[in-house]
Amino acid sequence: MKLMITNTLERKKVPFEPIDPSRVRMYVCGPTVYDYAHVGNARPAVVFDVVARLLRRLYGDAQVTHVANITDIDDKINARARESGRSIGEITDETAAAYRADMDAIGVNKPNEEPRATHHIDQMIAMAERLIELGHAYAADGHVLFNVPSMPDYGELSRRDRDEMVAGARVEVAPYKRDPADFVIWKPSDAETPGWESPWGRGRPGWHIECSAMAEAYLGEVFDIHGGGLDLIFPHHENEIAQSRCAHGTERMANYWMHNGFVTVEGEKMSKSLGNFYTVHDLLEEWPGEVIRFLLLSAHYRAPLDFSQAGLRESKAQLDRLYEALDLTRDVPTVSEKSSLPNLEDAMVSVDTPSSDYIAEALCDDLNTPLAISRLHYLVSRLNTAQAEDKPRIKASLLQGAELLGLLRSTPDQWFRGETEGISPIEIERLLGDRAKAREAKNFAEADRIRDVLKNEGIEIKDSPEGPTWKRA
RNA sequence: GGCCCGAUGGCAGAGUGGUUAUGCAGAGGACUGCAAAUCCUUGUACGUCGGUUCGAUUCCGGCUCGGGCCUCCA
């Protein structure tokens, strides 16, 4: 089983070879913290969470370093602070905490590091100075600018021709730029704007330098995987590459670049002006976090994903099927499956004796999460039809496979009968007791009446040889 | 204008040069006092026009339609 990844640098699917198998390093661009995370922020978080889970499975938990930054210095944050009269620290601390809570709710493991931009200003200034020394950047008018012509192969990631880019540029070129394509590394701050002392006066970092500096700080000069949304390819990632490679004199910043596709909402581009964006925070009012996560994983990560109410309902229905199988096997113990992990090279992947490797194999093909989910369903079918002696093994495979996707984290009890608003379990049990008496007396009209009463409360009753059970629909 | 994606059955969504996933929804059946769940069976697909091929939904080209980036954006 070999991990294949579509590398944006090459525009094709290639085998993944870490620089150092004992230390697999991944950097993912995280959110700018000025407002609740929306589903467009959640998609890369979930996608790269699965990448991290898979890497940990393949190379060992301790061998993987997953870094996802928190951008807490940005002009959007400054604007928000001015509008609300609140301090920047207050806004970013609160939003970062809300982000972490939302990510927990949708099953995103905490990365090894979640560095904050404001904690790495010194590193950014140091990198800017180094770039100036090496002739790749210059100070002008309180700014530090990266000089794009100083890098002959600038544009390799986005495959952009610099001259065409400049010709088609819609923005006016600032007078202090030597070249129209030059971009800001450091810019001056006025008295009302947050700033730090620097060799070029009081100022703040440009957009791209934080990632270059923090990636260097936590992962070194060249690392394995750099991820983020498709829209970051240009200019953000292109400019990160320019800064890091020129500062370090390396051929690569990261060997593999992975980019997830966009999220649309009800078929339309999600935008603040249309007001059609879903925040994770709001969605969690109505849906279990796992439903949100499932929907985000139901399409391949590079394909566009339409986030819709219909999709949420579908995701809930599919998860119900998976949990139903766990509910039916609640008394079946799980046995730890035989596996050659973490050495997957020789792992047997067989339809006849499915193991969680069957799920891992699907993910190894450029993170084919829809295929992995279909294999979860296959394991469920196998579990539902298996002989009793085979169930423990299959159940274990299902749970371990689901864990790679960060799914099936609840118990069936929590999933179907968890505490929510509405009728209490005690009341439900009382009505079920009444119904049992009615059934015993063959008073089926009364039994059905009670079923209807519960149904109106959103409770489904299921009779079984061991007695009735119930769940919230 | 430049660059880059995509077009699969009612819906979602994989995949493949020949035997046509998976789930939801639909139909029939088994089981059940009824129901639910489960199991069995089942229907409807590969935008369009050409090319390559013994054979293309799958490879190549044109076209149409849709989307993204080029400016803050996950």
Side-chain angles (χ1 to χ4, degrees), chain A residues 8 11 28-32 37-48 68 71 74-76 79 155 158-161 163-172 207 227-236 238 259-264 267-272 277 294-306 308 310-325 327-328 362 365 368-378 380-381 383-385 416 438-439 442-445 447-448 451-452 454-455 459-465 468-471 473:
Chain A
T8 308
R11 305 280 149 122
V28 181
C29 285
T32 300
H38 54 245
V39 290
N41 299 309
R43 167 122 99 148
V46 168
V47 162
F48 290 101
T71 297
D74 179 274
D75 286 349
K76 286 193 289 291
S158 57
R159 306 219 165 158
R160 230 165 264 272
D161 183 272
D163 296 331
E164 283 173 5
M165 231 176 62
V166 171
R170 283 184 249 161
V171 274
E172 232 175 284
W207 179 26
L230 200 67
D231 53 321
L232 293 179
I233 293 174
F234 188 89
H236 186 54
E238 198 68 82
H259 292 97
N260 64 271
F262 256 91
V263 178
T264 57
E268 286 193 317
K269 180 181 159 74
M270 183 172 66
S271 81
K272 304 238 161 172
F277 59 97
F294 189 99
L295 179 51
L296 291 171
L297 292 174
S298 64
H300 185 88
Y301 77 92
R302 284 187 294 107
L305 178 95
D306 187 42
S308 65
L312 286 162
R313 283 192 294 272
E314 162 86 15
S315 297
K316 170 71 163 57
Q318 292 210 33
L319 280 166
D320 280 348
R321 178 166 191 267
L322 305 184
Y323 274 111
E324 188 71 47
D327 205 17
L328 290 168
D365 183 15
N368 194 335
T369 54
L371 185 63
I373 287 171
S374 79
R375 291 182 172 191
L376 245 28
H377 281 294
Y378 173 77
V380 161
S381 295
L383 184 58
N384 286 336
T385 54
F416 291 121
R439 292 181 74 209
K442 300 264 192 255
N443 184 355
F444 295 120
D448 288 347
R451 182 200 293 283
D452 287 343
L454 284 166
K455 188 167 186 172
I459 304 298
E460 279 178 5
I461 300 172
K462 190 164 34 159
D463 290 318
S464 76
T469 63
W470 59 274
K471 67 180 186 184

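Order of the sequence lines sets the chain letters (A, B, ...), proteins ahead of strands, with each chain counted from 1.
Under the salt bridge (charged side-chain N to carboxylate O under 4.0 Å, His left out) criterion, A:Arg302 pairs with A:Asp366, not counting sequence neighbours. Every residue meeting the salt bridge (charged side-chain N to carboxylate O under 4.0 Å, His left out) condition with A:Asp365, not counting sequence neighbours, appears here in chain and number order: A:Lys13. Residues that satisfy the side-chain hydrogen bond (donor to acceptor under 3.5 Å, both in side chains) test with A:Arg439, not counting sequence neighbours, are A:Asp463. Considering only residues two or more places apart in sequence or on other chains, A:Asp327 meets the side-chain hydrogen bond (donor to acceptor under 3.5 Å, both in side chains) condition with A:Arg330, A:Arg417. A:Ser315 is linked by a side-chain hydrogen bond (donor to acceptor under 3.5 Å, both in side chains) to nothing, counting only residues two or more places apart in sequence or in another chain. With sequence neighbours excluded, no residue satisfies ring-ring contact (aromatic ring centres under 6.0 Å, His included) with A:Phe262. A:His300 meets the ring-ring contact (aromatic ring centres under 6.0 Å, His included) test with no other residue; sequence neighbours excluded. Residues forming a side-chain hydrogen bond (donor to acceptor under 3.5 Å, both in side chains) with A:Thr469 (at least two apart in sequence, or on another chain): none.
Which of B:U22, B:A74, B:C69 sits closest to the side chain of A:Val263 comes down to B:A74.
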Strictly under 3.5 Å: I want the nitrogen or oxygen pairs between protein and nucleotides 26-35 of chain B, one per line.
residue, atom, partner, partner atom, Å
B:G33, N7, A:Arg439, NH2, 3.4
B:G33, O6, A:Arg435, NH2, 3.4
B:G33, O6, A:Arg439, NE, 3.1
B:G33, N1, A:Asp448, OD1, 3.3
B:G33, N2, A:Asp448, OD1, 3.3
B:G33, N2, A:Asp448, OD2, 2.8
B:C34, O2, A:Asp448, OD1, 3.4
B:C34, O2, A:Arg451, NH2, 3.1
B:C34, N3, A:Arg451, NH2, 2.5
B:C34, N4, A:Asp463, OD2, 2.6
B:A35, N1, A:Asp463, N, 2.8
B:A35, N3, A:Arg451, NH1, 3.2
B:A35, N3, A:Arg451, NH2, 3.3

Could you go through nucleotides 12-14 of chain B and list every protein N or O atom that sits under 3.5 Å from one of its N or O atoms, giving the distance for each pair?
residue, atom, partner, partner atom, Å
B:A14, OP1, A:His300, N, 2.6
B:A14, O3', A:Asn368, ND2, 3.0

N/O to N/O distances under 3.5 Å, protein versus nucleotides 38-42 of chain B:
residue, atom, partner, partner atom, Å
B:U38, O3', A:Asn384, ND2, 3.2
B:C39, OP1, A:Asn384, ND2, 3.2

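Within 4.0 Å (heavy atoms only), A:Gly229 reaches sugar-phosphate atoms of the nucleic acid but no base atom.
Spacing between B:U42 and B:A36 at atom C1', rounded to whole Å, works out to 22 Å.
Across A:Val46, A:Val47, A:Leu296, A:Asn368, a single residue satisfies side chain to side chain contact (heavy atoms under 4.5 Å, CB included) together with A:Tyr301, and that is A:Val47.
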**Request:** Evaluate the side-chain contact (heavy atoms from CB on, under 4.5 Å) criterion for residues A:Ser308 and A:Leu295: first the C-alpha distance (whole Å), next the side-chain angles of each, then the deciding distance (0.1 Å), finally the verdict.
**Result:** CA-CA 9 Å; A:Ser308 65; A:Leu295 179 51; 5.7 Å; no

**Request:** Under 3.5 Å for both distances, Watson-Crick or G-U wobble, that's the pair rule; now give the dot-bracket for RNA chain B, with | marking pairs to another strand and [ ] for crossing ones.
**Result:** (((((((..(((.....[...))).(((((.......)))))....(((((..]....))))))))))))....

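Following rounding to the nearest Å, A:His377 (NE2) and B:U22 (C1') show an atom-to-atom distance of 7 Å.
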